[in-house]
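Structure record follows, encoded as C-alpha coordinates.
Labels below follow one simple rule: chain letters A, B, ... track the order of the sequence lines, proteins then strands, and each chain is numbered from 1.
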There are 2 protein chains.
Amino acid sequence: MKKNKTACENCESRMSGVFCDLDSAELSNISEHKVTNVYKKGQNLFVQGNHPYGLYCVSRGNIKVSKVGADGKESIVRIVKGGDVIGHRSLFTDQNYTATATAMEDSTVCFLDKKFIMKAIQEMPSVAMNIIEKLSRDMGAAENKVSSFHQKNVRERLAELLLLLKESHGEETEDGHIKINIKLTREEMATMIGTANETLIRFISEFKDEGLIEQDGKFIIIKDEDELMNWADANY
Amino acid sequence: MKKNKTACENCESRMSGVFCDLDSAELSNISEHKVTNVYKKGQNLFVQGNHPYGLYCVSRGNIKVSKVGADGKESIVRIVKGGDVIGHRSLFTDQNYTATATAMEDSTVCFLDKKFIMKAIQEMPSVAMNIIEKLSRDMGAAENKVSSFHQKNVRERLAELLLLLKESHGEETEDGHIKINIKLTREEMATMIGTANETLIRFISEFKDEGLIEQDGKFIIIKDEDELMNWADANY
DNA sequence: AGCGAAATATAACCTAAATCAGGTTTTTAG
DNA sequence: CTAAAAACCTGATTTAGGTTATATTTCGCT
(Lines give C-alpha, C1' and ligand atoms only; values in the text may rest on other atoms or scores of the structure.)
Protein backbone atom coordinates (compact mmCIF):
# COMPACT_ATOMS: atom_id res chain seq x y z
CA MET A 1 0.00 0.00 0.00
CA LYS A 2 2.18 2.80 -1.32
CA LYS A 3 1.16 6.34 -0.63
CA ASN A 4 1.23 9.17 -3.11
CA LYS A 5 -0.87 12.21 -3.74
CA THR A 6 -3.00 13.31 -6.66
CA ALA A 7 -5.12 16.41 -6.75
CA CYS A 8 -8.88 15.80 -6.87
CA GLU A 9 -9.05 18.29 -9.72
CA ASN A 10 -7.09 15.87 -11.88
CA CYS A 11 -8.81 12.69 -10.66
CA GLU A 12 -10.06 10.65 -13.58
CA SER A 13 -13.26 9.91 -11.68
CA ARG A 14 -13.74 13.51 -10.62
CA MET A 15 -17.13 14.04 -12.27
CA SER A 16 -18.97 10.96 -11.15
CA GLY A 17 -18.73 11.01 -7.38
CA VAL A 18 -20.46 12.76 -4.50
CA PHE A 19 -18.13 15.74 -4.92
CA CYS A 20 -19.03 16.34 -8.55
CA ASP A 21 -20.93 19.57 -7.90
CA LEU A 22 -18.11 21.34 -6.07
CA ASP A 23 -16.16 24.25 -7.51
CA SER A 24 -12.38 24.10 -7.81
CA ALA A 25 -11.76 25.99 -4.56
CA GLU A 26 -13.81 23.48 -2.62
CA LEU A 27 -12.15 20.61 -4.45
CA SER A 28 -8.66 21.75 -3.64
CA ASN A 29 -9.74 22.07 -0.02
CA ILE A 30 -10.60 18.38 -0.11
CA SER A 31 -7.34 17.61 -1.89
CA GLU A 32 -5.48 19.01 1.05
CA HIS A 33 -7.34 16.93 3.58
CA LYS A 34 -7.02 13.56 1.93
CA VAL A 35 -4.51 10.75 1.68
CA THR A 36 -4.15 8.76 -1.52
CA ASN A 37 -3.29 5.08 -1.27
CA VAL A 38 -2.54 2.45 -3.86
CA TYR A 39 -3.81 -1.05 -3.03
CA LYS A 40 -2.53 -4.18 -4.71
CA LYS A 41 -5.01 -6.75 -5.96
CA GLY A 42 -6.36 -8.74 -3.01
CA GLN A 43 -5.50 -6.16 -0.36
CA ASN A 44 -8.23 -5.04 2.03
CA LEU A 45 -9.21 -1.42 2.55
CA PHE A 46 -10.97 -2.47 5.73
CA VAL A 47 -12.29 -5.68 7.24
CA GLN A 48 -15.54 -6.68 8.92
CA GLY A 49 -15.40 -5.68 12.59
CA ASN A 50 -12.95 -2.77 12.21
CA HIS A 51 -13.86 0.66 13.46
CA PRO A 52 -14.34 3.28 10.71
CA TYR A 53 -12.25 6.45 10.86
CA GLY A 54 -13.25 8.04 7.59
CA LEU A 55 -14.49 7.72 4.07
CA TYR A 56 -12.86 5.94 1.13
CA CYS A 57 -13.20 7.43 -2.30
CA VAL A 58 -12.20 5.21 -5.20
CA SER A 59 -10.20 6.95 -7.91
CA ARG A 60 -9.33 3.92 -10.03
CA GLY A 61 -10.03 0.18 -9.78
CA ASN A 62 -12.84 -2.11 -8.64
CA ILE A 63 -13.40 -2.86 -4.98
CA LYS A 64 -15.62 -5.69 -3.77
CA VAL A 65 -17.62 -5.40 -0.57
CA SER A 66 -18.27 -8.81 0.93
CA LYS A 67 -19.55 -10.45 4.08
CA VAL A 68 -18.41 -13.73 5.50
CA GLY A 69 -20.89 -15.82 7.43
CA ALA A 70 -20.44 -18.02 10.48
CA ASP A 71 -19.51 -20.92 8.20
CA GLY A 72 -16.84 -18.87 6.42
CA LYS A 73 -18.87 -18.55 3.21
CA GLU A 74 -18.30 -15.31 1.32
CA SER A 75 -21.08 -13.18 -0.17
CA ILE A 76 -20.29 -10.19 -2.35
CA VAL A 77 -22.92 -7.57 -1.58
CA ARG A 78 -21.76 -4.94 -4.07
CA ILE A 79 -18.91 -3.86 -6.28
CA VAL A 80 -17.63 -0.31 -6.12
CA LYS A 81 -15.84 1.29 -9.05
CA GLY A 82 -13.92 4.48 -9.76
CA GLY A 83 -15.81 7.60 -8.68
CA ASP A 84 -17.77 5.88 -5.93
CA VAL A 85 -17.34 6.23 -2.21
CA ILE A 86 -17.11 3.27 0.12
CA GLY A 87 -17.25 2.81 3.84
CA HIS A 88 -19.92 5.49 4.22
CA ARG A 89 -22.60 3.17 5.54
CA SER A 90 -20.75 2.18 8.68
CA LEU A 91 -19.26 5.65 9.05
CA PHE A 92 -22.65 7.33 9.23
CA THR A 93 -24.23 4.82 11.59
CA ASP A 94 -21.08 4.80 13.69
CA GLN A 95 -20.99 1.02 13.85
CA ASN A 96 -18.01 -1.15 13.12
CA TYR A 97 -17.75 -2.27 9.53
CA THR A 98 -20.25 -5.02 8.76
CA ALA A 99 -18.41 -6.04 5.61
CA THR A 100 -14.92 -6.30 4.18
CA ALA A 101 -13.66 -4.20 1.24
CA THR A 102 -11.07 -5.79 -1.03
CA ALA A 103 -9.31 -4.48 -4.13
CA MET A 104 -10.16 -6.71 -7.09
CA GLU A 105 -7.21 -5.29 -9.02
CA ASP A 106 -4.50 -2.72 -8.34
CA SER A 107 -6.48 0.33 -7.28
CA THR A 108 -6.07 3.95 -6.25
CA VAL A 109 -8.23 5.02 -3.32
CA CYS A 110 -8.32 8.29 -1.39
CA PHE A 111 -9.14 8.51 2.29
CA LEU A 112 -10.94 11.39 4.00
CA ASP A 113 -10.97 11.81 7.75
CA LYS A 114 -14.35 11.43 9.47
CA LYS A 115 -14.33 14.88 11.04
CA PHE A 116 -13.60 16.49 7.72
CA ILE A 117 -16.29 14.65 5.80
CA MET A 118 -18.89 15.37 8.49
CA LYS A 119 -18.04 19.04 8.26
CA ALA A 120 -18.30 18.88 4.48
CA ILE A 121 -21.81 17.46 4.75
CA GLN A 122 -22.89 20.25 7.11
CA GLU A 123 -21.38 23.00 5.01
CA MET A 124 -21.93 21.82 1.47
CA PRO A 125 -25.55 20.86 0.85
CA SER A 126 -24.63 19.39 -2.53
CA VAL A 127 -22.40 16.84 -0.82
CA ALA A 128 -25.17 15.85 1.59
CA MET A 129 -27.64 15.61 -1.26
CA ASN A 130 -25.30 13.50 -3.38
CA ILE A 131 -24.66 11.13 -0.51
CA ILE A 132 -28.40 10.80 0.08
CA GLU A 133 -28.88 10.10 -3.60
CA LYS A 134 -26.12 7.52 -3.67
CA LEU A 135 -27.40 5.74 -0.57
CA SER A 136 -30.90 5.74 -2.00
CA ARG A 137 -29.71 4.23 -5.25
CA ASP A 138 -27.61 1.58 -3.49
CA MET A 139 -30.47 0.74 -1.21
CA GLY A 140 -32.77 0.30 -4.17
CA ALA A 141 -30.27 -2.13 -5.65
CA ALA A 142 -30.03 -4.04 -2.36
CA GLU A 143 -33.80 -4.32 -2.04
CA ASN A 144 -34.08 -5.52 -5.62
CA LYS A 145 -31.58 -8.22 -4.80
CA VAL A 146 -33.59 -9.30 -1.78
CA SER A 147 -36.77 -9.71 -3.80
CA SER A 148 -34.89 -11.43 -6.63
CA PHE A 149 -33.73 -14.07 -4.18
CA HIS A 150 -37.31 -14.81 -3.33
CA GLN A 151 -38.86 -14.53 -6.73
CA LYS A 152 -36.24 -15.78 -9.17
CA ASN A 153 -34.34 -18.99 -9.71
CA VAL A 154 -30.61 -19.18 -10.36
CA ARG A 155 -30.86 -18.91 -14.13
CA GLU A 156 -32.96 -15.78 -13.85
CA ARG A 157 -30.72 -14.22 -11.23
CA LEU A 158 -27.70 -14.89 -13.43
CA ALA A 159 -29.35 -13.18 -16.40
CA GLU A 160 -30.14 -10.25 -14.09
CA LEU A 161 -26.55 -10.11 -12.82
CA LEU A 162 -25.12 -10.05 -16.33
CA LEU A 163 -27.39 -7.15 -17.25
CA LEU A 164 -26.46 -5.24 -14.09
CA LEU A 165 -22.76 -5.77 -14.80
CA LYS A 166 -23.37 -4.60 -18.34
CA GLU A 167 -24.82 -1.36 -16.95
CA SER A 168 -22.04 -0.80 -14.46
CA HIS A 169 -19.02 -2.13 -16.32
CA GLY A 170 -20.13 -2.47 -19.93
CA GLU A 171 -17.97 -1.25 -22.81
CA GLU A 172 -18.78 -1.35 -26.50
CA THR A 173 -16.63 -3.65 -28.64
CA GLU A 174 -15.61 -3.00 -32.27
CA ASP A 175 -18.39 -5.25 -33.54
CA GLY A 176 -21.10 -3.38 -31.64
CA HIS A 177 -21.61 -5.77 -28.75
CA ILE A 178 -21.13 -4.96 -25.06
CA LYS A 179 -18.23 -6.43 -23.15
CA ILE A 180 -18.38 -6.68 -19.36
CA ASN A 181 -15.09 -5.07 -18.53
CA ILE A 182 -14.39 -6.48 -15.08
CA LYS A 183 -12.46 -9.59 -14.13
CA LEU A 184 -14.61 -11.82 -11.96
CA THR A 185 -14.00 -15.46 -11.11
CA ARG A 186 -16.90 -17.87 -11.40
CA GLU A 187 -16.70 -18.23 -7.64
CA GLU A 188 -17.16 -14.48 -7.21
CA MET A 189 -20.07 -14.34 -9.61
CA ALA A 190 -21.64 -17.24 -7.76
CA THR A 191 -21.43 -15.44 -4.42
CA MET A 192 -23.03 -12.37 -5.99
CA ILE A 193 -26.23 -14.25 -6.77
CA GLY A 194 -26.07 -16.62 -3.83
CA THR A 195 -25.40 -19.91 -5.51
CA ALA A 196 -22.69 -22.60 -5.69
CA ASN A 197 -19.97 -22.08 -8.27
CA GLU A 198 -20.70 -25.43 -9.93
CA THR A 199 -24.27 -24.31 -10.46
CA LEU A 200 -23.19 -20.94 -11.79
CA ILE A 201 -20.74 -22.53 -14.24
CA ARG A 202 -23.50 -24.79 -15.50
CA PHE A 203 -25.76 -21.87 -16.36
CA ILE A 204 -22.92 -19.79 -17.84
CA SER A 205 -22.25 -22.77 -20.12
CA GLU A 206 -25.94 -22.95 -21.02
CA PHE A 207 -26.01 -19.25 -21.89
CA LYS A 208 -22.94 -19.74 -24.06
CA ASP A 209 -24.46 -22.78 -25.79
CA GLU A 210 -27.62 -20.80 -26.44
CA GLY A 211 -25.68 -17.87 -27.89
CA LEU A 212 -26.77 -15.33 -25.27
CA ILE A 213 -23.21 -14.60 -24.22
CA GLU A 214 -19.67 -15.23 -25.40
CA GLN A 215 -16.31 -15.37 -23.71
CA ASP A 216 -13.31 -13.18 -24.59
CA GLY A 217 -10.55 -14.41 -22.33
CA LYS A 218 -11.63 -13.50 -18.81
CA PHE A 219 -14.37 -11.22 -20.08
CA ILE A 220 -17.99 -11.90 -20.95
CA ILE A 221 -19.61 -10.37 -24.01
CA ILE A 222 -23.37 -9.89 -24.21
CA LYS A 223 -24.61 -11.26 -27.53
CA ASP A 224 -28.38 -11.33 -27.05
CA GLU A 225 -29.48 -8.72 -24.55
CA ASP A 226 -33.18 -9.06 -25.34
CA GLU A 227 -33.20 -12.73 -24.53
CA LEU A 228 -31.27 -12.08 -21.30
CA MET A 229 -33.84 -9.48 -20.34
CA ASN A 230 -36.61 -11.97 -20.94
CA TRP A 231 -34.92 -14.39 -18.60
CA ALA A 232 -34.10 -11.78 -15.99
CA ASP A 233 -37.77 -10.81 -15.79
CA ALA A 234 -38.67 -14.45 -15.27
CA ASN A 235 -40.20 -16.58 -17.98
CA TYR A 236 -40.14 -20.31 -17.73
CA MET B 1 -58.56 7.88 3.80
CA LYS B 2 -59.92 10.61 6.07
CA LYS B 3 -57.93 13.77 6.49
CA ASN B 4 -57.31 15.60 9.70
CA LYS B 5 -54.48 17.58 11.17
CA THR B 6 -52.25 17.05 14.18
CA ALA B 7 -49.35 19.25 15.14
CA CYS B 8 -45.91 17.63 14.88
CA GLU B 9 -45.19 18.94 18.36
CA ASN B 10 -47.86 16.61 19.71
CA CYS B 11 -47.02 13.64 17.49
CA GLU B 12 -46.53 10.51 19.55
CA SER B 13 -43.57 9.56 17.37
CA ARG B 14 -42.07 13.02 17.48
CA MET B 15 -38.76 12.04 19.08
CA SER B 16 -37.79 9.07 16.93
CA GLY B 17 -37.83 10.37 13.40
CA VAL B 18 -35.57 12.38 11.14
CA PHE B 19 -37.00 15.61 12.56
CA CYS B 20 -36.13 14.78 16.16
CA ASP B 21 -33.38 17.40 16.46
CA LEU B 22 -35.50 20.36 15.42
CA ASP B 23 -36.64 23.09 17.79
CA SER B 24 -40.33 23.89 18.18
CA ALA B 25 -40.23 26.81 15.74
CA GLU B 26 -38.87 24.55 13.03
CA LEU B 27 -41.36 21.85 13.92
CA SER B 28 -44.35 24.11 13.68
CA ASN B 29 -43.07 25.23 10.29
CA ILE B 30 -43.27 21.61 9.18
CA SER B 31 -46.69 21.23 10.76
CA GLU B 32 -47.97 23.96 8.50
CA HIS B 33 -46.65 22.33 5.36
CA LYS B 34 -47.97 18.86 5.89
CA VAL B 35 -51.15 16.91 5.34
CA THR B 36 -52.20 14.21 7.78
CA ASN B 37 -54.03 11.17 6.42
CA VAL B 38 -55.60 8.17 8.12
CA TYR B 39 -55.31 4.92 6.19
CA LYS B 40 -57.48 1.88 6.86
CA LYS B 41 -55.86 -1.52 7.13
CA GLY B 42 -54.99 -2.78 3.65
CA GLN B 43 -54.98 0.64 1.96
CA ASN B 44 -51.96 1.64 -0.09
CA LEU B 45 -49.99 4.83 0.51
CA PHE B 46 -48.44 4.36 -2.92
CA VAL B 47 -47.98 1.56 -5.40
CA GLN B 48 -45.08 0.28 -7.45
CA GLY B 49 -44.77 2.35 -10.63
CA ASN B 50 -46.33 5.57 -9.25
CA HIS B 51 -44.44 8.81 -9.39
CA PRO B 52 -43.38 10.21 -5.99
CA TYR B 53 -44.51 13.71 -5.07
CA GLY B 54 -43.26 13.86 -1.52
CA LEU B 55 -42.31 12.14 1.68
CA TYR B 56 -44.50 10.05 3.98
CA CYS B 57 -43.90 10.24 7.70
CA VAL B 58 -45.63 7.60 9.82
CA SER B 59 -47.18 8.89 13.01
CA ARG B 60 -48.94 5.71 14.11
CA GLY B 61 -49.29 2.21 12.68
CA ASN B 62 -47.19 -0.29 10.76
CA ILE B 63 -46.69 0.01 7.02
CA LYS B 64 -45.29 -2.80 4.88
CA VAL B 65 -43.13 -2.10 1.86
CA SER B 66 -43.39 -4.90 -0.66
CA LYS B 67 -42.47 -5.76 -4.21
CA VAL B 68 -44.40 -8.00 -6.53
CA GLY B 69 -42.52 -9.99 -9.14
CA ALA B 70 -43.43 -10.90 -12.70
CA ASP B 71 -45.20 -13.99 -11.37
CA GLY B 72 -47.28 -11.96 -8.92
CA LYS B 73 -45.40 -13.23 -5.88
CA GLU B 74 -45.13 -10.70 -3.06
CA SER B 75 -41.93 -9.99 -1.10
CA ILE B 76 -41.98 -7.73 1.93
CA VAL B 77 -38.68 -5.84 1.88
CA ARG B 78 -39.19 -3.93 5.13
CA ILE B 79 -41.73 -2.83 7.69
CA VAL B 80 -41.98 0.82 8.70
CA LYS B 81 -43.40 1.85 12.04
CA GLY B 82 -44.38 5.06 13.82
CA GLY B 83 -41.65 7.69 13.68
CA ASP B 84 -40.13 6.46 10.45
CA VAL B 85 -40.29 8.06 7.05
CA ILE B 86 -41.21 6.14 3.93
CA GLY B 87 -41.03 6.83 0.24
CA HIS B 88 -37.71 8.67 0.60
CA ARG B 89 -35.73 6.23 -1.49
CA SER B 90 -37.62 6.79 -4.72
CA LEU B 91 -38.07 10.48 -3.91
CA PHE B 92 -34.34 11.12 -3.71
CA THR B 93 -33.42 9.13 -6.80
CA ASP B 94 -36.35 10.67 -8.67
CA GLN B 95 -37.47 7.30 -9.98
CA ASN B 96 -40.98 5.93 -9.85
CA TYR B 97 -41.70 3.86 -6.77
CA THR B 98 -40.11 0.43 -7.00
CA ALA B 99 -42.30 -0.98 -4.25
CA THR B 100 -45.79 -0.69 -2.81
CA ALA B 101 -46.55 0.64 0.69
CA THR B 102 -49.57 -0.78 2.46
CA ALA B 103 -51.04 -0.06 5.89
CA MET B 104 -50.95 -3.25 7.98
CA GLU B 105 -53.48 -1.74 10.39
CA ASP B 106 -55.35 1.56 10.65
CA SER B 107 -52.54 4.11 10.50
CA THR B 108 -51.90 7.83 10.66
CA VAL B 109 -49.40 9.12 8.13
CA CYS B 110 -48.32 12.66 7.31
CA PHE B 111 -47.29 13.78 3.85
CA LEU B 112 -44.70 16.43 3.04
CA ASP B 113 -44.38 17.98 -0.37
CA LYS B 114 -41.18 17.22 -2.29
CA LYS B 115 -40.17 20.86 -2.69
CA PHE B 116 -40.56 21.49 1.00
CA ILE B 117 -38.57 18.46 2.11
CA MET B 118 -35.77 19.24 -0.33
CA LYS B 119 -35.58 22.74 1.07
CA ALA B 120 -35.53 21.34 4.60
CA ILE B 121 -32.54 19.17 3.73
CA GLN B 122 -30.65 22.14 2.32
CA GLU B 123 -31.42 24.41 5.24
CA MET B 124 -31.37 22.08 8.21
CA PRO B 125 -28.19 20.03 8.34
CA SER B 126 -29.63 17.86 11.13
CA VAL B 127 -32.41 16.71 8.83
CA ALA B 128 -29.92 15.81 6.09
CA MET B 129 -27.74 14.00 8.60
CA ASN B 130 -30.67 12.08 10.07
CA ILE B 131 -31.81 11.00 6.64
CA ILE B 132 -28.29 9.86 5.80
CA GLU B 133 -28.19 7.91 9.05
CA LYS B 134 -31.56 6.33 8.43
CA LEU B 135 -30.68 5.34 4.87
CA SER B 136 -27.38 3.92 6.08
CA ARG B 137 -29.08 1.85 8.74
CA ASP B 138 -31.75 0.57 6.37
CA MET B 139 -29.13 -0.25 3.80
CA GLY B 140 -27.18 -2.24 6.39
CA ALA B 141 -30.33 -4.21 7.12
CA ALA B 142 -30.94 -4.83 3.42
CA GLU B 143 -27.38 -6.04 2.86
CA ASN B 144 -27.62 -8.34 5.85
CA LYS B 145 -30.73 -9.83 4.34
CA VAL B 146 -28.93 -10.41 1.05
CA SER B 147 -26.10 -12.31 2.70
CA SER B 148 -28.52 -14.24 4.93
CA PHE B 149 -30.25 -15.52 1.84
CA HIS B 150 -26.99 -16.93 0.62
CA GLN B 151 -25.57 -18.17 3.88
CA LYS B 152 -28.52 -19.34 5.95
CA ASN B 153 -31.26 -21.90 5.52
CA VAL B 154 -34.91 -21.23 6.24
CA ARG B 155 -34.77 -22.25 9.90
CA GLU B 156 -31.87 -19.88 10.51
CA ARG B 157 -33.50 -17.04 8.61
CA LEU B 158 -36.67 -17.51 10.63
CA ALA B 159 -34.75 -17.33 13.90
CA GLU B 160 -33.10 -14.18 12.60
CA LEU B 161 -36.43 -12.66 11.61
CA LEU B 162 -37.95 -13.32 15.02
CA LEU B 163 -35.01 -11.59 16.70
CA LEU B 164 -35.23 -8.61 14.35
CA LEU B 165 -38.96 -8.29 15.02
CA LYS B 166 -38.23 -8.51 18.71
CA GLU B 167 -35.87 -5.53 18.35
CA SER B 168 -38.27 -3.45 16.28
CA HIS B 169 -41.63 -4.43 17.78
CA GLY B 170 -40.82 -6.20 21.05
CA GLU B 171 -42.69 -5.40 24.25
CA GLU B 172 -42.10 -6.87 27.67
CA THR B 173 -44.90 -9.05 29.08
CA GLU B 174 -45.86 -9.31 32.77
CA ASP B 175 -43.88 -12.52 33.13
CA GLY B 176 -40.66 -11.00 31.81
CA HIS B 177 -40.71 -12.39 28.30
CA ILE B 178 -40.78 -10.37 25.08
CA LYS B 179 -43.88 -10.28 22.93
CA ILE B 180 -43.63 -9.37 19.26
CA ASN B 181 -46.31 -6.73 19.11
CA ILE B 182 -47.22 -6.73 15.45
CA LYS B 183 -49.88 -8.72 13.64
CA LEU B 184 -48.33 -10.66 10.80
CA THR B 185 -49.88 -13.52 8.89
CA ARG B 186 -47.75 -16.61 8.28
CA GLU B 187 -47.90 -15.71 4.62
CA GLU B 188 -46.40 -12.28 5.36
CA MET B 189 -43.66 -13.71 7.54
CA ALA B 190 -42.88 -16.20 4.80
CA THR B 191 -42.44 -13.47 2.21
CA MET B 192 -40.14 -11.60 4.58
CA ILE B 193 -37.63 -14.43 4.58
CA GLY B 194 -38.31 -15.63 1.05
CA THR B 195 -39.92 -18.97 1.65
CA ALA B 196 -43.27 -20.69 1.11
CA ASN B 197 -45.85 -20.29 3.86
CA GLU B 198 -46.14 -24.05 4.35
CA THR B 199 -42.42 -24.18 5.01
CA LEU B 200 -42.58 -21.25 7.39
CA ILE B 201 -45.44 -22.83 9.31
CA ARG B 202 -43.41 -26.02 9.61
CA PHE B 203 -40.55 -24.22 11.32
CA ILE B 204 -42.80 -22.05 13.48
CA SER B 205 -44.35 -25.30 14.72
CA GLU B 206 -40.89 -26.74 15.36
CA PHE B 207 -39.87 -23.67 17.34
CA LYS B 208 -43.06 -23.96 19.38
CA ASP B 209 -42.50 -27.68 19.99
CA GLU B 210 -38.96 -26.95 21.10
CA GLY B 211 -40.09 -24.23 23.48
CA LEU B 212 -38.23 -21.38 21.73
CA ILE B 213 -41.40 -19.41 21.13
CA GLU B 214 -45.02 -19.40 22.22
CA GLN B 215 -48.21 -18.08 20.73
CA ASP B 216 -50.52 -15.53 22.38
CA GLY B 217 -53.40 -15.19 19.94
CA LYS B 218 -51.95 -13.52 16.86
CA PHE B 219 -48.76 -12.62 18.68
CA ILE B 220 -45.51 -14.50 19.12
CA ILE B 221 -43.67 -14.52 22.43
CA ILE B 222 -39.94 -15.16 22.60
CA LYS B 223 -39.29 -17.81 25.26
CA ASP B 224 -35.66 -18.76 24.63
CA GLU B 225 -33.78 -15.90 23.04
CA ASP B 226 -30.34 -17.46 23.51
CA GLU B 227 -31.29 -20.56 21.58
CA LEU B 228 -32.84 -18.44 18.82
CA MET B 229 -29.60 -16.48 18.62
CA ASN B 230 -27.65 -19.68 18.26
CA TRP B 231 -29.83 -20.68 15.37
CA ALA B 232 -29.80 -17.25 13.75
CA ASP B 233 -26.00 -17.31 13.70
CA ALA B 234 -26.11 -20.69 12.02
CA ASN B 235 -25.35 -23.91 13.80
CA TYR B 236 -26.43 -27.17 12.34
C1' DA C 1 -75.43 -16.05 15.22
C1' DG C 2 -74.00 -18.18 11.18
C1' DC C 3 -71.87 -18.41 6.69
C1' DG C 4 -68.08 -17.91 3.50
C1' DA C 5 -63.50 -16.76 3.09
C1' DA C 6 -59.07 -16.41 4.82
C1' DA C 7 -55.58 -18.26 7.53
C1' DT C 8 -53.39 -22.14 9.75
C1' DA C 9 -51.71 -26.72 9.90
C1' DT C 10 -49.82 -31.41 8.40
C1' DA C 11 -48.40 -34.84 5.27
C1' DA C 12 -46.73 -36.79 0.73
C1' DC C 13 -44.34 -35.98 -3.20
C1' DC C 14 -41.06 -33.87 -6.34
C1' DT C 15 -37.69 -30.78 -8.24
C1' DA C 16 -34.01 -27.19 -8.26
C1' DA C 17 -29.90 -26.74 -6.84
C1' DA C 18 -26.28 -28.08 -3.27
C1' DT C 19 -22.82 -31.28 -2.53
C1' DC C 20 -19.47 -34.66 -3.85
C1' DA C 21 -16.16 -36.48 -6.96
C1' DG C 22 -13.28 -36.41 -10.68
C1' DG C 23 -11.30 -34.39 -14.29
C1' DT C 24 -8.83 -30.36 -17.39
C1' DT C 25 -7.08 -25.87 -18.12
C1' DT C 26 -5.14 -21.53 -16.74
C1' DT C 27 -2.58 -18.65 -13.69
C1' DT C 28 0.99 -17.67 -10.50
C1' DA C 29 5.30 -17.91 -8.22
C1' DG C 30 9.97 -19.44 -7.80
C1' DC D 1 10.49 -22.95 -17.69
C1' DT D 2 8.26 -25.65 -14.54
C1' DA D 3 5.75 -27.03 -10.56
C1' DA D 4 2.02 -25.98 -7.68
C1' DA D 5 -2.08 -23.90 -7.08
C1' DA D 6 -5.99 -21.80 -8.51
C1' DA D 7 -9.77 -21.74 -11.54
C1' DC D 8 -12.83 -24.09 -14.52
C1' DC D 9 -15.81 -27.75 -16.04
C1' DT D 10 -18.97 -32.01 -16.04
C1' DG D 11 -21.45 -35.87 -14.19
C1' DA D 12 -23.70 -38.44 -10.29
C1' DT D 13 -25.98 -38.22 -5.94
C1' DT D 14 -28.45 -36.15 -2.31
C1' DT D 15 -31.41 -32.99 0.03
C1' DA D 16 -33.78 -28.73 1.48
C1' DG D 17 -37.56 -26.85 0.68
C1' DG D 18 -41.23 -25.91 -2.98
C1' DT D 19 -45.58 -27.76 -4.51
C1' DT D 20 -49.84 -30.08 -4.16
C1' DA D 21 -53.53 -31.82 -1.55
C1' DT D 22 -56.59 -31.92 2.27
C1' DA D 23 -58.29 -30.70 6.93
C1' DT D 24 -59.21 -27.60 10.45
C1' DT D 25 -59.53 -23.24 12.69
C1' DT D 26 -60.31 -18.36 12.90
C1' DC D 27 -62.05 -14.07 11.12
C1' DG D 28 -64.96 -10.68 8.95
C1' DC D 29 -69.34 -9.61 7.60
C1' DT D 30 -74.47 -9.27 7.16
Exercise. Distance-only, no hydrogens or angles: does the A:Thr173 side chain make a donor-acceptor pair with backbone N or O of A:His177 under 3.5 Å?
Worked result: yes

I need the minimum non-hydrogen distance between [X] and [Y], along with the two atoms involved.
{"X": "A:Phe207", "Y": "A:Leu228", "value": "CE1-CD2, 3.9 Å"}
{"X": "A:Asn62", "Y": "A:Lys81", "value": "OD1-CB, 3.3 Å"}
{"X": "A:Glu188", "Y": "A:Lys183", "value": "OE1-O, 4.2 Å"}

What is the distance from [atom1] of [X] to [atom2] of [N], rounded to the nearest Å?
{"X": "B:Asp71", "N": "D:dG18", "atom1": "CG", "atom2": "P", "answer": "13 Å"}
{"X": "A:Lys152", "N": "D:dG18", "atom1": "NZ", "atom2": "P", "answer": "18 Å"}
{"X": "A:Lys183", "N": "D:dA6", "atom1": "NZ", "atom2": "P", "answer": "17 Å"}
{"X": "B:Arg155", "N": "D:dT15", "atom1": "CZ", "atom2": "C1'", "answer": "16 Å"}
{"X": "A:His150", "N": "D:dG17", "atom1": "NE2", "atom2": "P", "answer": "13 Å"}
{"X": "A:Phe219", "N": "D:dC8", "atom1": "CZ", "atom2": "P", "answer": "13 Å"}
{"X": "A:Asn153", "N": "D:dT19", "atom1": "CG", "atom2": "P", "answer": "11 Å"}
{"X": "B:Asp216", "N": "D:dT26", "atom1": "CG", "atom2": "P", "answer": "14 Å"}

For this session: Not counting sequence neighbours, which residues clear side chain to side chain donor-acceptor pair (under 3.5 Å) with A:Arg202? List them please.
Result: none

Problem set entry | Distance-only donor-acceptor check, side chains B:Glu143 and A:Thr98, under 3.5 Å | no

Exercise. Less than 4.5 Å apart, any side-chain heavy atom of B:Lys218 and any of B:Thr185?
Worked result: yes

For this session: Hey, can you tell me if B:Tyr56 and B:Tyr97 have their rings parallel, tilted or perpendicular (30° and 60° cut-offs)?
Result: tilted

For this session: Could you point out which residue of A:Leu164, A:Ile76, A:Leu158 forms a side chain to side chain contact (heavy atoms under 4.5 Å, CB included) with A:Met192?
Result: A:Ile76

Exercise. Hey, which of these two, B:Val154 or B:Lys41, hits DNA chain D nearer its 5' end, going by closest nucleotide?
Worked result: B:Val154

Seminar exercise, completed: The contact string for nucleotides 5-12 of chain C, one letter per nucleotide 5' to 3', using protein heavy atoms under 4.0 Å with B, S and - for base, sugar-phosphate only and none, comes out as --SSBB-B

Exercise. Among C:dA17, C:dA18, D:dG18, which nucleotide sits nearest the side chain of B:Thr199?
Worked result: D:dG18

Exercise. How large an angle, rounded to 10°, do the end axes of the helix from C:dA1-D:dT30 to C:dG30-D:dC1 enclose when each is built from five base pairs?
Worked result: 70°

